[in-house]
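Written below as C-alpha cells is the structure these notes are about.
Because only heavy atoms are used, hydrogens play no part in the values below, and waters and symmetry mates are left out as well, while side chains stay in. Remember, predicted model here, so these are calculated numbers, not experimental data. Atoms within each ligand, like the ligands themselves, are counted from 1 in listed order.
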Amino acid sequence: MARRNKVYEGKAKILFEGPEPGTLVQYFKDDATAFNAEKKDVIEGKGVLNNRLSEFFMTGLNNIGIPTHFIRRINMREQLIRAVEIIPLEVIVRNYAAGSMAKRLGMEEGTQLPRPIVEFSYKNDDLGDPLVPEEYITAFNWASQQDLDEMVAMALRVNDFMSGVMMGVGIKLIDFKIEIGRIFDGDFMRLIVADEISPDSCRLWDIETGEKLDKDVFRRDLGNLTDAYTEVARRLGVLPKTSGTGAKPTLIN
Ligand code: UDP
C-alpha cells in the first residue's frame with residue numbers, strides 16, 4: 001500500500017490524508033505529554049488503548065445523535081475520520097473541582113460543583129492554552145454567538161452521555177475536554193465533535209476508592225498509565241475480562 005501523506009503531527013496523534021476527499025486517517029501515538037509538553041514519555045500501548053476508547057465514546061455519541069468526526073476504526077492504531085476545520089478552543093466540562101479549577105479557586109479536588117460548568121481555553125501552546133471568557137470568543141471571531149450556544153449545548157449532552165456511561169462501570173467523570181470542528185456541506189455549516197475522547201482528555205475516578213484512572217497518573221507520577229487505561233477499557237467491555245492474575249488482556253476486534 002502507498003505510504004500515507006502526513007497532514008499534521010500533534011503531541012499524541014498524527015493525521016494523514018484519507019482515502020476520499022473530506023476524510024483523514026487519525027493515528028494514535030504512544031507519546032504522553034503534560035504541562036504543555038514539559039513532561040514527556042513514551043507509554044507503550046497507550047495509543048492502542050486510546051484508539052479503542054475514542055472509538056467507543058464517539059460511536060456512542062453518534063448513536064444518540066451527537067455528530068462526531070468518527071467514521072470507523074481501521075486497525076489497532078488508526079481510525080478513519082471526517083476532516084473538519086477545528087475551532088481553536090478546548091471545550092472543558094467540569095462536574096467536580098479538579099486540576100486548574102481547583103488551583104485557581106483554592107477548592108479541594110473532588111468537590112462537587114453546583115451544576116456542570118462549561119469553560120473554554122484558547123488552543124495555543126505558546127500561551128499555555130489560556131482560559132478565555134465567551135466575550136473574547138465572539139469578539140475575536142473564533143466562533144459566533146450561535147456557534148457558542150451550540151457548543152455549550154453539545155458539551156452538556158456529551159457530559160450527560162459520558163457521565164452515565166462511566167457511572168455504569170463505577171467511575172466518576174470529574175471533568176473532560178472536547179474539541180469541536182466545522183464541516184461544510186455547500187453553504188450549510190455544521191458543528192461536530194472532533195479530536196479524541198479518551199482518558200488523556202478526561203478525569204476519571206473510581207467511585208469506591210477514588211483511584212485515578214486517567215492522565216493524572218502520568219502527570220502526577222501515580223503509577224502505571226497503561227494499567228489505568230486498560231482498567232477503563234476492561235470495565236467498558238472494550239477489552240475482554242481476565243480472570244487469572246498476571247495474564248495480559250488481549251484486544252478484541
Ligand atoms: N485537558 C486536556 N487537554 C489540555 C488541557 C486539559 O485534555 O490541554 C483536560 C484534562 O485532562 C482535564 C480537563 O481537560 O480532564 C480539565 O483540565 P484542567 O483545566 O484542570 O487542566 P490541567 O489541570 O490538566 O492543566
Could you please spell out the steps behind the side-chain contact (heavy atoms from CB on, under 4.5 Å) verdict for C202 and I197? CA-CA 7 Å; C202 302; I197 302 180; 4.3 Å; yes
Side chain to side chain donor-acceptor pair (under 3.5 Å) pairs touching residues 156-170, sequence neighbours excluded, are N95-N159, N159-S163
Side-chain donor/acceptor of R82 to backbone N/O of T23, under 3.5 Å: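 Absent.
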*asked:* Suppose we screen for side-chain contact (heavy atoms from CB on, under 4.5 Å). Which residues come up paired with D125, at least two apart in sequence or across chains?
replied: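 Listed in chain order: K11, N36, D129.
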Listed pairs under 3.5 Å, donor-acceptor, residues 182-194 side chains, sequence neighbours left out:
| unit_1 | atom_1 | unit_2 | atom_2 | d |
| --- | --- | --- | --- | --- |
| R182 | NE | E85 | OE2 | 3.4 |
| R182 | NH1 | D147 | OD2 | 2.7 |
| R182 | NH2 | W142 | O | 3.2 |

Let me know which protein residues bring a heavy atom to under 4.0 Å of ligand 1; chain then number is fine for ordering.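 If the criterion is a heavy atom under 4.0 Å, then ligand 1 touches E90, I92, R94, A98, G99, S100, D129, D175, F176, K177, D200, S201, C202, R203, R219.
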Check this for me, if you would: do D195 and K123 make a salt bridge, where the nitrogen-to-carboxylate-oxygen distance has to be below 4.0 angstrom? no
